[in-house]
Asker: 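Okay, handing you the structure first.
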Amino acid sequence: MDKDKIIIGSHCSLNGPDYYLQTVKDALSYGATTFMFYTGAPQNTYRLPTDRFKIEEGRKLLIENGIDEKDIVVHAPYIINPANTVKPETRQLAESFLLSELKRTAEFHVGLMVLHPGAHVGAGKEAGIQSTIDVLNKVLAVDGTNVKIAVETMAGKGSEIGTSFEEIKEILDGVKYPDRVGVCLDTCHINDAGYDVSDPDKILDEFDRVIGLDRLLVVHINDSKNPRGAHKDRHENIGYGTIGYDVIEGFLTNPRIKDVPKILETPFVNERPPYKDEISMLVSGKYQKNWKDKY
Ligand code: FE
Ligand code: FE
Ligand code: ZN
């Protein structure tokens, strides 16, 4: 395999009738070298048995096309809120569902799962952080997989925790299984949380100083609809937001994070996935100013 290959993909859906086989076909049609998916609806706990998903057919196709399985990412559903100490049933659900999602992820032969660290819903950041640590320790003690969890940097919407590298580091330090946890850096989220992202190397220096670059497992490359520090979390298409094309390309091509998968979670344009255009533009390094006009 080409060692200079850029590892880039997008969020892809997992829909019938062909499920994972179709997910892989979609990713390939975007010119992607990886992808990210939810194992079911992110807002509920209903899940089909994995034997319905045509996993082996999907795997065969992705391997034939040179996609490295180690670069594929599952995103845990956002109903999981491990930081909630206010409602015991929410935290209980976070535990049981995180456990089953890890097992499901392993059944896809995927080794990496992005997880939102959660929201403290009024109990305060420290209580939230401790709760997330406790849930991770409980689940990782018994799940029996070797799926790594990438804790995502958050924008600070509502009472979200994990809005600074220091908070993420605190979570990682509390987990007793260090080789099972790392970080997902989301460019839109850190911008909205207040970081100046304009120089990717400075962000990577800061990440390295606080957490350690070896803990970075995934990068979400999104533009943002909002200015730095807005705490909004609304993703924008590449080149159309406040972060801008050059900065996003700077993260994508930075040699220090060359081996880390980069995933687009940008919005659809007129109900169509924009990923083929965003990927080809970013990989070619040629910014096309009004690329959305043809949609
Ligand atoms: Fe996310
Ligand atoms: Fe993200
Ligand atoms: Zn987001």
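Atoms within each ligand, like the ligands themselves, are counted from 1 in listed order. Just so you know, these numbers use all the heavy atoms, side chains as well, and skip hydrogens, waters and symmetry mates.
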Asker: Checking one value in my table: which N/O/S atom of His220 lies closest to the Fe ion (ligand 2)?
Answerer: ND1

Asker: In terms of heavy-atom contacts, does NZ of Lys276 have more than 12 from other residues, nucleotides or ligands at under 6.0 Å?
Answerer: no

Asker: Taking atom NZ of Lys138 as the centre, does the number of heavy atoms from other residues, nucleotides or ligands within less than 6.0 Å exceed 12?
Answerer: no

Asker: So which of the N, O or S atoms of Glu265 lies nearest the Fe ion (ligand 2)?
Answerer: OE1

Asker: Please answer whether the main-chain N or O of Leu21 pairs with a side-chain N or O of Asp18 as donor and acceptor at a distance below 3.5 Å.
Answerer: no

Asker: Heavy-atom count around Asn146 CG within 6.0 Å, excluding the residue itself: above 12?
Answerer: no

Asker: Between Glu265 and the Zn ion (ligand 3), is there a contact where an N/O/S atom of the residue lies under 2.8 Å from the metal?
Answerer: no

Asker: Output the atom name for the N/O/S atom of Asp233 with the smallest distance to the Zn ion (ligand 3).
Answerer: OD1

Asker: Give the atom name of whichever N/O/S atom in His235 sits closest to the Zn ion (ligand 3).
Answerer: NE2

Asker: Is it true that Lys157 and Asp192 have a side-chain N and a carboxylate O under 4.0 angstrom from each other?
Answerer: no

Asker: Can you tell me if an N/O/S atom from Cys188 lies under 2.8 Å from the Zn ion (ligand 3)?
Answerer: no

Asker: Calculate the angle formed at the Fe ion (ligand 1) by OE1 in Glu152 and NE2 in His75; 10° precision is enough.
Answerer: 100°

Asker: Among the N, O or S atoms of Asp186, which one sits nearest to the Fe ion (ligand 2)?
Answerer: OD2

Asker: Taking atom types as modelled and ignoring hydrogens, do the side chains of Glu265 and His220 form a donor-acceptor contact shorter than 3.5 angstrom?
Answerer: yes

